[in-house]
Amino acid sequence: MALGKYDPESVEGKWQRAWTESRCFEVEADPAKPKYYVLEMFPYPSGKIHMGHVRNYSIGDVVARFKSMQGFNVLHPMGWDAFGLPAENAAIKHNTHPAKWTYQNIADMRAQLSRLGYSYDWRRELATCRPEYYKWEQKFFLKFLEKGLAYRKNSPQNWCPGCNTVLANEQVEDGLCWRCDSPVEQKDMEQWFLRITDYADELLKDLEGLEGGWPERVLTMQRNWIGKSYGAELTFQVKDMDETITVFTTRPDTLFGATFMSIAAEHPMVEKLTGDAANKDEIDAFVTRIRNMDRIKRGADDLEKEGVFTGRYCVNPVTGVEMPIYVANFVLMGYGTGAVMAVPAHDQRDFEFAAKYNLPLKVVINPRELSDKGEVLDPADMQAAYSDPGILVNSGQFDGMENEPAKKAVVEHLDKSGLGKMTVNYRLRDWNVSRQRFWGAPIPVIYCDDCGVVPVPEKDLPILLPENAQVRADGRSPLPEMAEFVNCACPKCGKPARRETDTFDTFFESSWYYLRYCDPRNEDAPFDPAKVDYWMNVDQYIGGIEHAILHLLYSRFFTKALRDTGFVSTTEPFANLLTQGMVLKDGGKMSKSKGNVVDPGAMIAQYGADATRLFILFASPPVKELEWSDQGIEGAFRFLARLWRLVEELEGALAPVMPGSYAEPGSDAAKQLRFKEHDTIRRVTRDIENEFQFNTAIAAVMELVNEIYGLKDDLSGEPGALSSAVATAVTLLSPVTPHICEELWRAMGHAEPLAVQAWPTHDEGALVKDQVTLVVQVNGKVRGKFDAPNDAPQDVVKAMAMEQENVVRFLEGKTVRKVIVIPNKLVNIVVG
RNA sequence: GCGGGCGUGGCGGAAUUGGUAAACGCGCCAGAUUUAGGAUCUGGUACCUCGCGGUUUGGGGGUUCGAGUCCCUCCGCCCGCACCA
């Protein structure tokens, strides 16, 4: 069989068909075999794959093929995160149903992905918008309701006017909608929440177990997001009212210095406190202004502190001081209790606020240096709050204590009268999963005038998204207007009732898809627990850093919630996480507006899938950003053509031997090639296994190919040596560029596909050289090189080093003080 | 402010973890071959120097026979969180 010219298109099509026909990537759970689950974050079916997808999925494919060749039973699935807004917006634009747009895009993208030759088990493909899929999350929701993990409440929520829906806290970035960048507003709404805060501590603690497997950056981001802080809740009596206000503070040790109180504009007490205030109008105007302020402005750190006095006071429980209560613009309802005891001497914000409104400062923490001198900080001298540690003063019985132990002592003192307790506070809020959009999974509850909120009985699932819905031009969901959807009978009393018209946040779907892949066609259950037990956890998860908090936190929570509702036994979904870097062009992100988008389809058409994969894996290590280079992909193509020509030239001489199989004594050239061959096996295996350093693994194969080119003429009489080395190069490269490698493997005479061959292992014996080259240094500077027998005795090596011509020159007239010998590597002669 | 990461040729990036800095590739230069080529092959390519040699991993200092790698310090860049009480 003559190879002819390298034509990627025909080679790639041929092997893609061959893999499909041989079903070599289809796998089943088999407890007798070691498993490996490699998963790439599934795409949103936008219609077109981009270079980010190619990078993500190429990384995953190398891992999958490599592990498979190493003998693992590899689960490598692909599917579609198919609910979401773009489908709805496209449907509005083209006056069609979101499903139609979505399924068309899925078909298009599946075809594009297929052209890249990824080793997916396509039988497991899923789309989250299919009732067979979302049915099960409706069931999960019912279980969550039963367990109290889902609940409904009315509260101020993030409203995106651009998307016409609420957003979870995680979906608001710098006050803007994560999807459309509209400024997010606050709106009081009745919504469904999942109690992710119940898991705050576990989510935080279990991050320790992910150490090493997950990037430090992601762990840190999750820790910050959960935001655990230790402190106390202290309760203050409102003067002349039968009301109390509870604050959260990390500094209970400064309680004696609390001179006023600040509460958030959204605090439920505002109305009660100001009901009969003389300046009620002024207060209301202030509260309204702050509440309507856009989030970016309100969150800016240069925003001037301002507030308004409510006319009410509360009583400091330890000093009896009457503390004026202010509504202040810097107090957030979403953190702690929405009320802060103000200690202007020891908190910078309170300091600034006190200066503006002329409120008293009281020093209660004294710097140690001053205490040692018998002095006390004078409020009149203070230019800023003193927030460092110190010794308590002006604090009654606690005077003289260190402030750290005083925290506990003060709280214990208050605890006797029920006014204080140590608490832990989290920044994390419960997850709002309601969305006022159409293209999502319906939330399975019914509202009955008599019975209230009634869960849909399990037998009535799935609640289907109507196929005859007509999307509205204004973007609002058509569901509330659809009588046939809304009107239903109360499952409890049978009277007419109304169906919930909100749908789930799309992150609900992506929080468990990795479980469904284990058993995607199950019609009786979300998955067979035995299959999930076999395949889970995901051994290697690969995706973008943008999901560091959103999807990755939700999925971790979901796994724990499903564990507690009896669906799974695992507690963390993803053992190892690789966050791949972005693909850039001209130093920036590829975007339509910049006009710097490189279309993968065009690259594949011009250079082939193999060259595209090779370049994207070679140009940069996976975690780093990758700068797209048109010359770079050309170079990748050139290398493949060079490899092709090598096999073509040697074709008649090559025998279908296994990689690394040549072991005859042979000529020096054969020995040299054999060394390179086994060294390459060692390096490539190590580079892929340890750190996914595909770039250096590829470089190693290139070196081997260069070596074969250099030695081939000397080895024309030893075809076995050449055959073995070529087989090695082709095999080691095959996870990266599988098509061309299959073709060359076949050209060597092999009958079985390369994809199902065993990954080669190196022979230590081949790495032992008779002669080694050592470097001689004089005072740490390289002065010569020489060859010596492998593992020659130190004395011999030392003597040889000293005899080197150039070394002699540098030793002249000097005294040798010390000679350091690193066996088979280096000699350093220290002279003085 | 808090936390995480990074800094190596013209460029992307290597360096078996303390042992020849710049592997591999891109680009560039020269030559060969070719009707021609953006194809292919050979050689060169960190900087200074004709050369001997000297200098070089953001700057400075330290440990060591030996430092890109370890320690201290300063500078710069990127990312995340942030009026968090």
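In what follows, chains are A, B, ... by sequence order, proteins preceding strands, each numbered from 1.
One P atom belongs to B:rC52, the other to B:rU45, and the distance between them is 13 Å to the nearest Å. Taking the P atoms as reference points, B:rG1 lies 34 Å from B:rU56, given to the whole Å. Nucleotides B:rC74 and B:rG7, compared at atom C1', are 14 Å apart to the nearest Å. The separation of B:rA32 from B:rA14, taken at their C1' atoms, amounts to 31 Å, rounded to a whole angstrom. Atom P of B:rG10 sits at a distance of 15 Å from the matching atom of B:rU49, rounded to the whole Å. Annotation: B:rG12 and B:rU16 have their C1' atoms spaced 22 Å apart (nearest Å).
Salt bridge absent: A:Glu208 and A:Lys205 never bring a charged side-chain N and a carboxylate O closer than 4.0 Å. A salt bridge is absent between A:Lys676 and A:Glu707; no separation between the charged side-chain nitrogens and carboxylate oxygens falls under 4.0 Å. For the pair A:Glu812 and A:Arg783, the salt-bridge criterion is not met [side-chain N within less than 4.0 Å of a carboxylate O].
Among the nucleotides B:rU20, B:rC84, B:rC24, the one closest to the side chain of A:Phe618 is B:rC24. When the nucleotides B:rC26, B:rG19, B:rG53 are ranked by their closest atom to the side chain of A:Gln631, B:rC26 comes out on top. Side-chain atoms of A:Arg642 lie closest to B:rC41 of the nucleotides B:rG5, B:rU20, B:rC41. Checking B:rA14, B:rC41, B:rU20 against the side-chain heavy atoms of A:Leu826 singles out B:rU20 as nearest. Out of B:rC65, B:rG27, B:rC79, the shortest distance to the side chain of A:Lys818 is found at B:rC65. When distances run from any side-chain atom of A:Arg349 to the nucleotides B:rA21, B:rA85, B:rG19, the shortest one goes to B:rA85.
In this structure, A:Pro215 reaches neither bases nor backbone, as no heavy-atom distance under 4.0 Å exists between it and the strands shown. Residue-level contact check: A:Asp679 touches neither bases nor backbone, having no heavy atom under 4.0 Å from any strand. Using a 4.0 Å heavy-atom cutoff across all strands shown, A:Arg217 reaches sugar-phosphate atoms only and no base atom. At a threshold of 4.0 angstrom between heavy atoms, the contacts of A:Arg223 with the nucleic acid are absent. Within 4.0 Å of A:Val340, counting heavy atoms only, lies at least one base atom of the nucleic acid. Backbone-only contact: A:Asn695 has heavy atoms under 4.0 Å from sugar-phosphate atoms and none from a base. A:Arg817 comes within contact range of no nucleotide atom at all, as no heavy-atom separation falls under 4.0 Å. Residue contacts shown for A:Thr220 are limited to sugar-phosphate atoms, with no base heavy atom under 4.0 Å away. Looking at heavy-atom distances under 4.0 Å, A:Glu703 makes contact with sugar-phosphate atoms alone, never a base. At the heavy-atom level, A:Glu625 lies under 4.0 Å from the strands shown only through sugar-phosphate atoms.
Dashed line: the shortest gap from a side-chain N or O of A:Asn706 to OP1 or OP2 of B:rG25 is under 4.0 Å. Contact between the side-chain N/O atoms of A:Arg645 and the OP1/OP2 oxygens of B:rA39 is not found at any separation under 4.0 Å. Residue A:Arg809 places at least one side-chain N or O closer than 4.0 Å to OP1 or OP2 of B:rG53. In this model, the phosphate group of B:rU55 is approached by a side-chain N or O of A:Lys781 to a distance below 4.0 Å at OP1 or OP2. Regarding contacts with the backbone of B:rG25, every side-chain N or O of A:Arg638 stays at 4.0 angstrom or more from both OP1 and OP2. Applying the 4.0 Å criterion to OP1 and OP2 of B:rG19, one finds that A:Lys825 has every side-chain N and O outside that range. Under 4.0 angstrom from either OP1 or OP2 of B:rG53 there lies at least one side-chain N or O belonging to A:Asn806. Here A:Ser620 reaches the OP1 or OP2 of B:rG13: one of its side-chain N or O atoms lies under 4.0 Å away.
For B:rU17, the base is syn relative to its sugar; the glycosidic angle is within 90° of 0. Taking 90° from 0 as the syn/anti boundary, the base of B:rG9 is oriented syn.
Within the 4.5 Å cutoff, the side chain of A:Arg55 has heavy atoms near those of the A:Ser620 side chain.
Counting distance only, with no hydrogens placed and no angle test, the side-chain atoms of A:Asn828 and the base atoms of B:rC65 include a donor-acceptor pair under 3.5 Å.
Here the options are A:Glu627, A:Glu625, A:Glu546, the test is side-chain contact (heavy atoms from CB on, under 4.5 Å), and the partner is A:Met582; only A:Glu625 passes.
Sorted by first and then second residue, the salt bridge (charged side-chain N to carboxylate O under 4.0 Å, His left out) pairs involving residues 819-832 of chain A (not counting sequence neighbours) form an empty list.
Here the P atom of nucleotide B:rC65 and the NZ atom of A:Lys798 are 15 Å apart, to the nearest Å. Here the C1' atom of nucleotide B:rC84 and the CD atom of A:Glu233 are 14 Å apart, to the nearest Å. Rounded to whole angstrom, the span from the OH atom of A:Tyr230 across to the P atom of B:rA85 amounts to 14 Å. Spacing between atom CD of A:Glu352 and atom P of B:rC83 amounts to 14 Å, rounded to whole angstrom units.
In this entry B:rC11 has B:rG25 as its Watson-Crick or G-U wobble partner, both defining distances falling under 3.5 Å. Pair assignment for B:rC52: none, as no Watson-Crick or G-U wobble contacts are both less than 3.5 Å. A 3.5 Å limit on both hydrogen-bonding distances identifies B:rA30 as the Watson-Crick or G-U partner of B:rU42. Summarising the base pairing, B:rU69 is matched to no nucleotide, lacking a Watson-Crick or G-U wobble pair whose two defining distances lie under 3.5 Å. The nucleotide B:rC77 finds its pairing partner in B:rG5, both defining distances of the Watson-Crick or G-U wobble pair being shorter than 3.5 Å.
For A:Glu9, the CD atom is loosely surrounded, since the number of other residues' heavy atoms within 6.0 Å does not exceed 12.
Checking A:Lys624 against A:Lys785, the closest nucleotide of RNA chain B that is more toward the 5' end is the one next to A:Lys624. With the nearest nucleotide of RNA chain B identified for both A:Arg686 and A:Ala339, A:Arg686 has the one nearer the 5' end.
Considering every non-hydrogen atom in both A:Ile59 and A:Leu578, the closest pair reads CG2-CD2, 3.5 Å.
A:Asn695 CG to A:Ile616 CD1: the interatomic distance, rounded to the nearest 0.5 Å, is 13.0 Å.
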